[in-house]
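Working notes, structure below.
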Amino acid sequence: MVDSICNFIIYKLNKEQIIQEEKNEIYLYGLQLLMATLIKAVGLFVLAIIMGAVKESIIFMIFFSSLRIQAGGIHAHSLLKCFISTAIIMFSAIYIVRLFPYVQNLNIQIIMIVISIILVYMFAPVENENKPLSEEEKILYRKRSMITVLVGAIIILLNNSIPWIFQGYSTIASMALLLESMTLLPINKVKHMRY
């Protein structure tokens, strides 16, 4: 459905001579990415409202997405699979924090942050089969990934100096960084090597 809508929009833009026809693939890919991101964001926001976890969801998505944009990670092969896996990851993290208050401990946050930094340092960036990276881009995204995870860590640790009620948000942010950094692990390479 997303592909049909995007193809129709590209057709209309060509017909009105707003875009150059030889760049259709570039525009189509960008439009598909934009539509998929909007659909996923709206869907996650609706679920967050239903589950009464809007603030936590926003915090999770800010930390998760900011690192994902720079570092990459495992990608699902369809919008539906991507949405479902993101929703499961996000709401699992939120409910772990709600159900087990002891995970809101600063020491646990520090452990998650340290693991995140190590994983980002070792594995970022992860290339996407649709967008291979040149050596220059790999260096650039590696630096950006490290800066992103370090800035996130600083924000989380500074947030812990604010009264206790905000500590749960710091834990959710820490989990977001950890879960995104875990998508950098070379699991796909091992799987392909077996076959």
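Because the structure is predicted, anything quoted here is derived from the model rather than measured.
- Taking every heavy atom of both residues into account, Ile94 and Ala53 meet most closely at CG2-CB, 4.1 Å.
- In plain terms, the two heavy atoms of Leu44 and Thr86 that are nearest each other are CD1-CG2, 3.8 Å.
- Legend: residues meeting side chain to side chain donor-acceptor pair (under 3.5 Å) with Asn14, ordered by chain and number and at least two apart, are Asn24.
- Panel note: side chain Arg142, backbone Ala124; a donor-acceptor pair is recorded below 3.5 Å.
- Atoms OG and OH, on Ser134 and Tyr141 in that order, are 9.5 Å from each other to the nearest 0.5 Å.
- Screening residues 33-62 for side chain to side chain donor-acceptor pair (under 3.5 Å), with sequence neighbours left out, gives Glu56-Arg98.
- Val46 belongs to a hydrophobic cluster whose other members, connected by ILVMFWY side-chain contacts under 4.5 Å either directly or through intermediates, are Val42, Ile50.
- To the nearest 0.5 Å, atom CD1 of residue Ile96 and atom CD1 of residue Ile172 are 10.5 Å apart.
- In this structure the side chain of Val126 never reaches within 4.5 angstrom of the side chain of Ile74, judged on heavy atoms.
- Residue Tyr169 comes nearest to Asn159 through the heavy atom pair CB-ND2, 4.5 Å, listed as atom of the first residue, atom of the second, then distance.
- Applying the salt bridge (charged side-chain N to carboxylate O under 4.0 Å, His left out) test to residues at least two apart or on different chains, none of the pairs has a partner in residues 69-95.
- Smallest separation of non-hydrogen atoms from Leu184 and Leu119: CD1-O, 4.2 Å.
- By the 4.5 Å heavy-atom criterion applied to side chains, Val54 and Phe45 are counted as neighbours.
- When hydrophobic residues (I, L, V, M, F, W, Y) are linked wherever their side-chain heavy atoms come within less than 4.5 Å, the members clustered with Leu158 are Ile154.
- With sequence neighbours excluded, the residues satisfying ring-ring contact (aromatic ring centres under 6.0 Å, His included) with Phe60 are Phe64.
- Residues satisfying the salt bridge (charged side-chain N to carboxylate O under 4.0 Å, His left out) test with Glu136, not counting sequence neighbours, are none.
- Residues meeting the side chain to side chain donor-acceptor pair (under 3.5 Å) test with Gln70, sequence neighbours left out: none.
- Heavy atoms only, all atoms of each residue included: Leu177 and Val149 are closest at CD1-O, 4.3 Å.
- Distance alone, capped at 3.5 Å, places no donor-acceptor pair between the Ser92 side chain and the Ile89 backbone.
- Cluster annotation: Ile49 and Met90 are assigned to the same hydrophobic cluster (Ile/Leu/Val/Met/Phe/Trp/Tyr, side-chain heavy-atom contacts under 4.5 Å, transitive).
- Here salt bridge (charged side-chain N to carboxylate O under 4.0 Å, His left out) pairs that include residues 114-123, with residues two or more places apart or in two chains, number zero.
- The closest side-chain heavy-atom distance from Thr171 to Met112 is below 4.5 Å.
- Applying the salt bridge (charged side-chain N to carboxylate O under 4.0 Å, His left out) test to every pair with at least one member in residues 5-15, sequence neighbours left out, gives no pairs at all.
- Distance check: Ser145 OG to Leu140 CG gives 9.0 Å after rounding to the nearest 0.5 Å.
- Remark: Met51 CE is packed, more than 12 non-hydrogen atoms of other residues, nucleotides or ligands lying under 6.0 Å away.
- Cluster membership check: Phe100 shares its hydrophobic cluster with Met175, using side-chain heavy-atom separations under 4.5 Å among Ile, Leu, Val, Met, Phe, Trp and Tyr.
- How far CG of Leu106 is from CG of Asn160: 5.0 Å, rounded to the nearest 0.5 Å.
- No continuous path of hydrophobic side-chain contacts links Ile69 to Met61 [ILVMFWY only; heavy atoms under 4.5 Å].
- In terms of hydrophobic clustering, with Ile, Leu, Val, Met, Phe, Trp and Tyr side chains grouped at heavy-atom distances under 4.5 Å, Val114 and Met182 are assigned to a common cluster.
- There is no path of hydrophobic side-chain contacts, each under 4.5 Å, that joins Leu13 to Tyr11.
- Residue Ile26 shares its hydrophobic cluster (ILVMFWY side chains chained together at separations under 4.5 Å) with no other residue.
- The CD1 atom of Ile147 sits 8.0 Å away from the CG atom of Leu150 when rounded to the nearest 0.5 Å.
- Rounding to the nearest 0.5 angstrom, the gap separating the CD1 atom in Ile5 from the CD atom in Gln32 is 11.0 Å.
- By the side chain to side chain donor-acceptor pair (under 3.5 Å) test, Arg68 pairs with Glu180, Thr183, sequence neighbours left out.
- Counting heavy atoms from C-beta on, the side chains of Leu185 and Phe123 come closer than 4.5 Å.
- Listed here is the closest heavy atom pair of Ala87 and Leu47: CB-CD1, 4.1 Å.
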Practice item. Begin with the C-alpha distance, continue with both residues' side-chain angles, and end with the deciding distance and a verdict on side-chain contact (heavy atoms from CB on, under 4.5 Å) for Gln109 and Ile156. Key: CA-CA 8 Å; Gln109 292 174 23; Ile156 291 164; 3.7 Å; yes
